[in-house]
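Letters A, B, ... are given to chains in the order of the sequence lines, protein chains preceding strands, and every chain is numbered from 1.
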Number of protein chains: 2
Amino acid sequence: MARAAGVAIKTVSRALNNEPNVRQDTRERILETVKRLNYHPSLSARGLAGRRSYLIGLIYENPSANYLVDVQHGAMARCREGRFQLLMHQVSGRGEELERDVIGLIDQTGVDGLIVTAPLCQSNELIRTLDRREIPFVRMAPNKMRHRTPYADMDDEGAAYEMTAYLIGLGHRRIGFISGHPEHFASGQRLNGYRKALKAHRIAYRASYVRQGFFIFESGLDAARQLLAMPEPPTAIFASNDDMAAGVLMAAHEMGIAVPDQLSVAGFDDTYIARTVWPRLTTVHQPSYDLAYTAADLLLRVLSSQPAPKPVRLPYRLVCRASTGLTDDSDSHS
Amino acid sequence: MARAAGVAIKTVSRALNNEPNVRQDTRERILETVKRLNYHPSLSARGLAGRRSYLIGLIYENPSANYLVDVQHGAMARCREGRFQLLMHQVSGRGEELERDVIGLIDQTGVDGLIVTAPLCQSNELIRTLDRREIPFVRMAPNKMRHRTPYADMDDEGAAYEMTAYLIGLGHRRIGFISGHPEHFASGQRLNGYRKALKAHRIAYRASYVRQGFFIFESGLDAARQLLAMPEPPTAIFASNDDMAAGVLMAAHEMGIAVPDQLSVAGFDDTYIARTVWPRLTTVHQPSYDLAYTAADLLLRVLSSQPAPKPVRLPYRLVCRASTGLTDDSDSHS
DNA sequence: CTGAAAGCGCTTACAG
DNA sequence: CTGAAAGCGCTTACAG
């Protein structure tokens with residue numbers, strides 16, 4: 001290749017990597033030859049010699065499929081623009097096993113950086129391990145952790161506040177809440193939003209109306225069965241994600257409770273499932289694709305050693321569909 | 001690393017690559033040291049020296065998220081076992097644009113092989129392009145195309161036959177069918193199964209009971225609305241995948257038609273959505289995870305230049321849930 | 001602005 | 001069964 005263009009191999013390298021110190025006509029001659037010979041530099045050789053792999057890893061644990069695919073495609077889109085490849089990596093285990101898994105990914109593939117999704121980005125041990133390795137990373141999630149690395153997130157508390165206020169506006173006073181997986185920081189944020197909205201509207205918080213969920217369908221189903229079997233059941237249930245809200249709908253159907261006439265149901269995320277259940281879910285639109293795109297963008301900027309990018313907060317929005325409605329419950333205004 | 005185990009670097013290489021000519025105790029000592037030091041050979045170095053990238057690409061077009069994630073994790077599992085990394089790659093465009101996209105992936109990343117999912121594996125142009133490049137690949141899908149490369153598939157026709165026969169066994173005689181995307185070979189297979197089952201049970205085929213769908217929710221919803229608005233509507237609808245079956249349920253709910261009392265609904269795939277809609281879907285379990293695992297396994301065997309592996313057909317099974325039931329329709333036995 | 005040398009961390013091909 | 005040497009195709013660090 002270098003011979004064909006009549007230059008040293010090093011000059012080809014410079015031209016392809018957009019480095020300075022190549023005469024314009026030399027550069028053009030090289031790029032033309034590259035095109036003519038359909039030359040593609042070897043990733044392996046570049047990786048070995050340059051200690052760069054042009055690979056970005058996205059590590060995740062066990063998110064719902066619909067959410068995962070949105071995230072995957074968002075990050076993929078940004079990586080392609082930057083001529084990087086995205087390596088999806090599902091981690092297994094916890095604690096030391098998790099760390100070995102991630103270290104293994106880093107050592108084996110030589111990824112240039114990592115996108116760390118929730119709840120992994122809430123693990124102090126993992127973050128410390130990454131720091132020790134000095135591997136660049138960004139976090140994709142709401143964060144309790146102060147850390148120099150940038151992240152992309154949204155205002156979970158504000159969104160939950162708004163959704164709760166929306167239900168209150170429909171006349172609901174007995175509002176059940178199904179929380180998310182306790183290891184996710186967002187779970188606490190969403191619960192906070194719910195509580196603050198109740199307080200702002202002078203509705204007493206009842207612990208029995210709040211049930212622990214785990215972001216999976218079955219946990220929403222179980223929690224809803226319990227809530228709806230209470231002597232004074234809620235007239236609305238706000239689940240911390242759509243999968244659990246679908247579980248709430250299932251429980252209502254099983255028990256012959258009409259939605260939204262007898263029970264309003266709201267979710268969170270606005271994933272595909274929200275549009276495929278009946279009735280369609282009122283939910284909070286979380287910009288998962290854009291959050292992932294943004295996270296990848298932040299990472300690419302870190303890698304190009306531009307000035308450290310700031311965290312980015314993306315807007316959410318309420319999506320009102322058919323699963324929520326006015327309540328005519330006589331007690332609801334007590 | 002080699003020093004720590006007291007052997008030559010070459011011996012470590014042999015042990016890790018499961019090559020012969022290593023004494024059992026030497027091998028054990030090495031593997032133990034590897035574990036202790038958390039050693040991971042560099043992909044780049046292995047790739048450069050061995051002219052391999054240890055990267056497998058999985059190309060897909062636009063499958064439903066739940067299906068995609070099953071496939072992704074199945075292929076990922078096998079790749080990890082073989083110390084390969086899986087590169088997910090969503091292709092865009094068709095025709096020449098598609099080919100450029102795939103060639104770009106091959107040249108840029110140097111993937112050692114490709115897993116080609118439906119309907120991409122039905123494109124003659126794409127297959128020819130891959131052949132010209134001499135890149136090893138396997139197909140994951142039912143196949144109309146004769147080709148020397150191996151594939152993993154299931155008996156779509158047989159499965160659709162069984163499901164249709166099951167509905168007939170419940171007393172249904174007016175059975176609607178929503179076909180899949182016409183570019184998928186499986187779509188034709190499933191329709192064939194439906195038609196053959198009708199024939200075997202001496203039920204006349206009615207073209208008006210068969211509607212074109214595209215494997216997406218909305219197409220199932222539209223098709224069902226039309227079917228259910230017919231003067232003599234079907235008492236059962238068999239959709240060619242779960243997403244469309246969920247659309248059928250939505251249509252029934254909208255029209256106040258009780259499932260399964262007034263209408264039985266069956267899907268295909270047994271993805272996550274089948275268990276989250278109400279009532280839960282009767283469907284055909286497609287072993288997506290195992291199909292992908294198997295496809296990756298076939299590819300790895302091709303790459304290790306063992307004798308060319310044969311295609312593998314995996315078993316399906318009917319999963320009977322709450323969306324189907326006996327019909328008491330008076331006309332149904334006519 | 002361009003090039004010759006060294007070396008990244010493995011595997012291949014060969015020798016013992 | 002094990003090892004010493006060569007080299008994969010680039011980039012880094014240096015020299016001109």
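A cation-pi arrangement is present between A/Arg46 and A/Tyr54 under the rule of less than 6.0 angstrom and at most 45 degrees off the ring axis.
Proximity of A/Thr26 to the phosphate of C/dT2: a side-chain N or O atom is located under 4.0 Å from OP1 or OP2. Between B/Thr11 and D/dC1 there is no side-chain N or O to OP1 or OP2 distance below 4.0 Å.
As the counterpart of C/dA13, no nucleotide is assigned, since no Watson-Crick or G-U wobble pattern has both distances under 3.5 Å. A 3.5 Å limit on both hydrogen-bonding distances identifies no Watson-Crick or G-U partner for D/dA4.
Here A/Arg139 does not pair with A/Asp153 in a salt bridge; the nearest charged N to carboxylate O distance is not below 4.0 Å. A/Arg78 and A/Glu81 are joined by a salt bridge, as a carboxylate oxygen and a charged side-chain nitrogen come within less than 4.0 angstrom of each other. Ionic pairing of B/Asp131 and B/Arg148 is present here: one or more N-O contacts between side-chain nitrogen and carboxylate oxygen are shorter than 4.0 angstrom.
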Q: Produce a footprint string for nucleotides 7-16 of chain C: one letter per nucleotide, 5' end first; B if the base is under 4.0 Å from any protein heavy atom, S if only the sugar-phosphate is, - if neither.
A: BBBBSB----

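Below 30°, between 30° and 60°, or above 60°: for B/His147 and B/Phe137 the angle between ring planes is between 30° and 60°, a tilted geometry.
At distances below 3.5 Å, not a single donor-acceptor pair connects side-chain atoms of B/Asp70 with backbone N or O atoms of B/Ser288.
Distance CZ (B/Arg27) to P (D/dT2): 9 Å, rounded to an integer number of Å.
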